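Convention: sequence-line order gives letters A, B, ...; per-chain numbering from 1. Note that the coordinates shown come from a computational prediction; the quantities given were computed from them, not determined experimentally.
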Amino acid sequence: LVNIQERKAEARDPYLKLVRVGDDTTDPTAWGVNWPRQYDSYRRTVDTTYTRYGGSDGTPARSRLEADPWLVRMFAGYAFALDFRERRGHAYMLDDQRQTRRITERPQPGACLHCHASVIPTYRRLGDGDVRAGFEALSRMSYGDAYAEVVETGSLNPVPEGDTQGFAHEPGAHPVSCVDCHDPQTMAVRVSRPGFLAGIAALAAGDAPVPHLASIERWRRGGRDAPYDANADASRQEMRSFVCGQCHVEYYCGPKTTLFYPWSQGLRVEQIEAVYEETRFPDGEPFYDWQHGETGARVFKAQHPEFETWSQGVHARAGVACADCHMPYVREGALKVSDHWVRSPLLNVARACQPCHPVAEAELQARVAAIQDRTHALMDRSAAALVDMLDAIAAAKAAGAGDAALAPALALQRKAQWRLDFVNAENSMGFHADQESARILGEAIDYARQAVSANQTRAAIPPASNAEKQNAER
Amino acid sequence: LVNIQERKAEARDPYLKLVRVGDDTTDPTAWGVNWPRQYDSYRRTVDTTYTRYGGSDGTPARSRLEADPWLVRMFAGYAFALDFRERRGHAYMLDDQRQTRRITERPQPGACLHCHASVIPTYRRLGDGDVRAGFEALSRMSYGDAYAEVVETGSLNPVPEGDTQGFAHEPGAHPVSCVDCHDPQTMAVRVSRPGFLAGIAALAAGDAPVPHLASIERWRRGGRDAPYDANADASRQEMRSFVCGQCHVEYYCGPKTTLFYPWSQGLRVEQIEAVYEETRFPDGEPFYDWQHGETGARVFKAQHPEFETWSQGVHARAGVACADCHMPYVREGALKVSDHWVRSPLLNVARACQPCHPVAEAELQARVAAIQDRTHALMDRSAAALVDMLDAIAAAKAAGAGDAALAPALALQRKAQWRLDFVNAENSMGFHADQESARILGEAIDYARQAVSANQTRAAIPPASNAEKQNAER
Amino acid sequence: MHPLRSGSAVAVAVLLGAALGLGFFTLFHAEGLSYLSDDPRACANCHVMNEVFEGWQKGPHHAVATCNDCHVPHDFLGKWLSKGLNGFHHSKAFTLQDFHEPIQITRRNAEALQGSCLHCHGEFVHEVVAAQRAADDPVRCVHCHRGVGHGAAE
Ligand SMILES: [Ca+2]
Ligand SMILES: [Ca+2]
C-alpha cells in the first residue's frame, strides 16, 4: 500500500529538480540526482553484451582487423590498418578513442573530440560564446591540446556531488552526456553538434528527396528563407533520430579542412561520393582521405554511416526512430521512461520490437539473422573481389605498368572500396536497410572485378586468382 | 434502403448451387451460375492494366526481348531468344502459349499444358483414373496432340449453359479454371497439379529449413511416414499460396525427362542449382536446359520463380499468402468475397495492402517503387556484366581458345546466367523478396565478371569493354 | 486544442438534425440509433464494425474499456459534439456506401483517441510526455501500440 502511494507520488512531478543543471553541466552525475532512472540505465553502457554481429565485448574491444584480415589490405597505408575495433558502449567512447593506436601512433586533430566527448561547453568557451567559432578553433588543434581544453572546461564547472561512480573517464572530460541531447530546462531532446547542424541544413538546402524527414520537405515548401534549423523545425519523432545522427554518421575529420558531414547532395552512398568527388581542399587539391599503400590510389574512408543507412530503410520511411529501437521505453515502478542503456536491440527484443511486431521473440531474432547473414555472405564475397583486385593491380605494377596505364583500374578501386567500406563500417550488418546494403555490395563487387579485368591490369594476373580458389572451395 | 435488406439476405447462404459442377467441369461458365461474384471478377482477367514493372498490356503482349536486348544474347541458341513477352491475365494463358513462336516454331512437349490449361480431367481420362499416369502420358506427347486431347475432354463434358462470353479461348480447352483450385463440393481450395504435389512432397522429404511453411516443419517432426500431402497436411493459409505455387514456379519441362519442380534441396537459388547440378537425364547425361549459342556453355533456364522468391521474403515469414495480395477480399454488399481478378496488387492497394499497412496509398506505392527501382538498376548492372562476359568469351574463342581452356569461364557463365535469369524471370521486380533478389544479382555480377578475367579469356578482351563504356556514361 | 470543440452548439444541432433527416430510416433500420449508446454491441450492429468488435473482444482492453472510452472525448461537450459529428458521418457513409475501405480513422478522432490513452494512462507516461517539445507534437501512443484497441493488423 505504501508502495502504491509512493508510486503515485513519484508519478506526479517527475521533473522535480534537486540540483540545478545548465548548459555547461557535462558531468552526468549532477543530472543523475534529478533523473535517477535515466541515469541508472545510462551508466549500464559500461556492461559487456554479446550478439552475433553486435554487442560490446572485451577490454580492449575485439579487433576487427583480426576478425577480417582483408581489412588490413583495404586500409593499407592508413591509420585504420593499425587498429580498428568493435564499438562498445557509450561509457567507453572517450577511453577507446584515447587508447586507439590511430591516436597514440598518428597525429590527429582536435576535431576527433566532436563525437567522443561532451564538448559543446568547450566550444562555447573557446569561441567566446560562439559555438561554431570554438568548434573550428578546437578542431584545428592537436588532439592532445584539444583534450586538455576539454579537461580545463570541466574543472571550470565543478559539480559538488560529482563523482565518476565507476565510469571509466578522467574527471573533467566526459563521454556523451545528458547535456549533449537535452535542454536542461525542459529536458526536451535537442541537437548540439555543429557538424550535424551544418550537415542537415545543407541536406535541406539541396534537392535530394528525403521522404522520411517530413520536416525538411515541409521547410522546402515554405520558401527556404532562413536556413533549416533542426532544433526549431524537426518534429519530436525526428529528433529521436537526430540526436543519434549527431555522431553515427559518415564524416570527414582529417587535418586538411574542417570536419563536415557530406550530405549536400543527399544521404545515399553515391550522393555522398559525388560530394567528395566535387570537393576541393582549401589548397585546391581534389578531396581524398588517403593514398592506398599498395596501389597508390587516392581513396575515401567510410565511417559508421548508421544515420545514412537507416534513412534508406523501410523503418525510417515508417517513421521509426533510432530511439524507438535503441532506447525503448521501460517500466520503472509507476513510471515509464526511456531506456538510456543504449545498446543492441537484439538484447531487448520484447521492448525494442514486440510492441510493433507482435511476433515471437525467436521469430524476430530469426528474421534479423536472415538479413544479417545475407549481408555478411555478400560482404565476404565483395572482400574476395577486393583482394583479387589488389592482387591484380600489384601484379600489373610489378609487370611495369605506370600511373597512367593504371589510372582506370585505380578509379575503379576507389569506387569499389568506398562501397564495400560503407557497408563494412555501418554497424547493423545490413539490418538498417537490407536491400540497400545488398545493392551497395553488388556494386562493390562489380567495380572491384572490373578493376581486375581493366585493360592495364588484366595481362598480368597470376594464374590462380583468389576468387577461383574460393569458388573451388565452395 | 432496399439495399440494406438485400444485403442482410445475401449474408445468409452464399453457396446455393443452381447447377451441378463436378471434378470434370472445366468450363467456368457452369461454376459462374453458382458463384456469379467470383466468376464476374475472374472474367476481368481479360482486362488491360498497367503498372511500372507489371500489369498486362497489349495484344500480343509487349516483347521483353525488345525492352531488354541483352536477353537475346543471354538466350542465344534457345527458343526464348525467338519470343519472350510480358505475362498477361489468366484469361490469356492458353492463347498466349499457343501463339508464342516458342511453340509455333519449335517442337514442344505436351507437358507445357500442365500450367496453361485446365488439364486435370484429361490426365484422369488418359490415365484411366490415375492422374499421375495420365500426366506422364500427356507430357510425352507433342504439344499439338496433347492440345487435341484437352479439347476432346471438353467435348466429352459439355456444359449446357456454357459459352465463352468474350473469353479468348477455344471451346473445350480452358485456361486455369475453378476446378483447378477448388473442390466442387465444398469450394475449399485444393491443389491438383502433379508437378506441384511431387515437388512439395520432395521439399518436405528433404532437410532444407522452411520456417514459412509450418505444416511441413510439423510433418517432419511427425515421423515422415506417409509422404507429405499438401491437400491433407497444409493449413488453409498455406493453401492460399500453394494454389498459385502450382504454376508460378521454376520447373523443367523439356523433352528429355518428365516435368519436375526442383525443390528437393530447398527453395533458394543455389539449392535449386545444386539439384540441377546433380540431376542426370535418363540417358545418363548431366542435366542442362540448352547449349548457349555463342559460347557453347551448357546452361540452365529459370522460369517465373515467384513461389520460391516469395518464400525468401518477409511476407512469407509473416504468413502473408499470394492470395492476400493478389486476390484480396472485396466487400460485395454484406459479403466478403475473394477478388478473382488476379492481377498486380498495385492496382488495388486499398484492398491488397492497406488492411495490413494503414498507410497512405501514395506512400505504399513509393515503398514498392523504391524496392523495384533498386532491383531494376542492379539487374541492368548484372546485364552489363553478362554482356561483357559473352564478349570476352567470344574474343577468346576467336583468338583460338579451345573447349578445355574455356571450361572455367563457361562454368562461371552457367552460374552467372542462372542467377541473373532467376531474378529476371521472376515477375515482381524484386518485391517478393527484396534483399534476396539483390543478393542473387550481386552473385550474378561476381560470376560474370570473374568469367571475364578467368585465365583463359582475359588475354583476348577487346580494349574498351562495355562496362568501361557504361561507367564513362554515368 | 480542438477549435471544433469550442465551436457553436448550433452547428451541432444543425448537423444532428441533418443526419436524422437525411438518414432517419437508414439509422432506424440499421439499428444505428443505438450509436448514441455506450454499448459496444451498438457499434457491432454494423457489419463493417464486426472485425474491430471481434478484435476488441479478444483484446487486452476488453474488460476495461469500451469503444467509446477510447473513441469519444472524455469531457462533456467534446463527448456529445463528437457523438453528433460521428453519428452524422456514420449515417452518411452507410447510406451512400462511399467510404474508403479499409476504414481509416479521421484526424480528429485520432486526436481524441490520444487523449483517451492519456485519460487512463496519464500518470504512468507522465515523464515521457513531459519531455514534449511542443504541445502539437506529441508522442503518439499508437506509433508503438498499434494493435491496442482491437488486435494488431496481422
Ligand atoms: Ca569518411
Ligand atoms: Ca527451368
Residue part contacting chain A, namely of C/His121, when any heavy atom lies under 4.5 Å: neither
OG on A/Ser338 to CD on C/Glu127, rounded to 0.5 Å: 8.5 Å
Nearest heavy-atom neighbours spanning A/Cys356 and C/His143: SG-O, 3.8 Å
C/Glu51 CD: over 12 foreign heavy atoms closer than 6.0 Å: no
Closest non-hydrogen atom pair between C/Val128 and A/Val337, with its separation: CG2-CA, 4.1 Å
Contacting region of A/Ser235 [heavy-atom separation from chain C under 4.5 Å]: both
Taking every non-hydrogen atom, the tightest pair across C/Asp137 and A/Arg236: OD2-N, 2.6 Å
Atom of C/Ala131, atom of A/Met187 and distance for their closest heavy-atom approach: CB-O, 3.9 Å
Contact class of A/Asp324 relative to chain C, heavy atoms under 4.5 angstrom: side chain
For chain C, the option from A/Gln354, A/Met239, A/Lys336, A/Arg240 that forms the most heavy-atom pairs under 4.5 Å: A/Lys336
Contacting moiety of C/Val129, where chain A heavy atoms sit under 4.5 Å: backbone
Considering all heavy atoms, the nearest A/Leu335-C/Glu123 contact: CD2-O, 3.6 Å
Distance, nearest 0.5 Å, that separates NE2 of A/His357 from SG of C/Cys144: 10.0 Å
Chain C contact via A/Gln185 - which portion, at a heavy-atom distance below 4.5 Å: neither
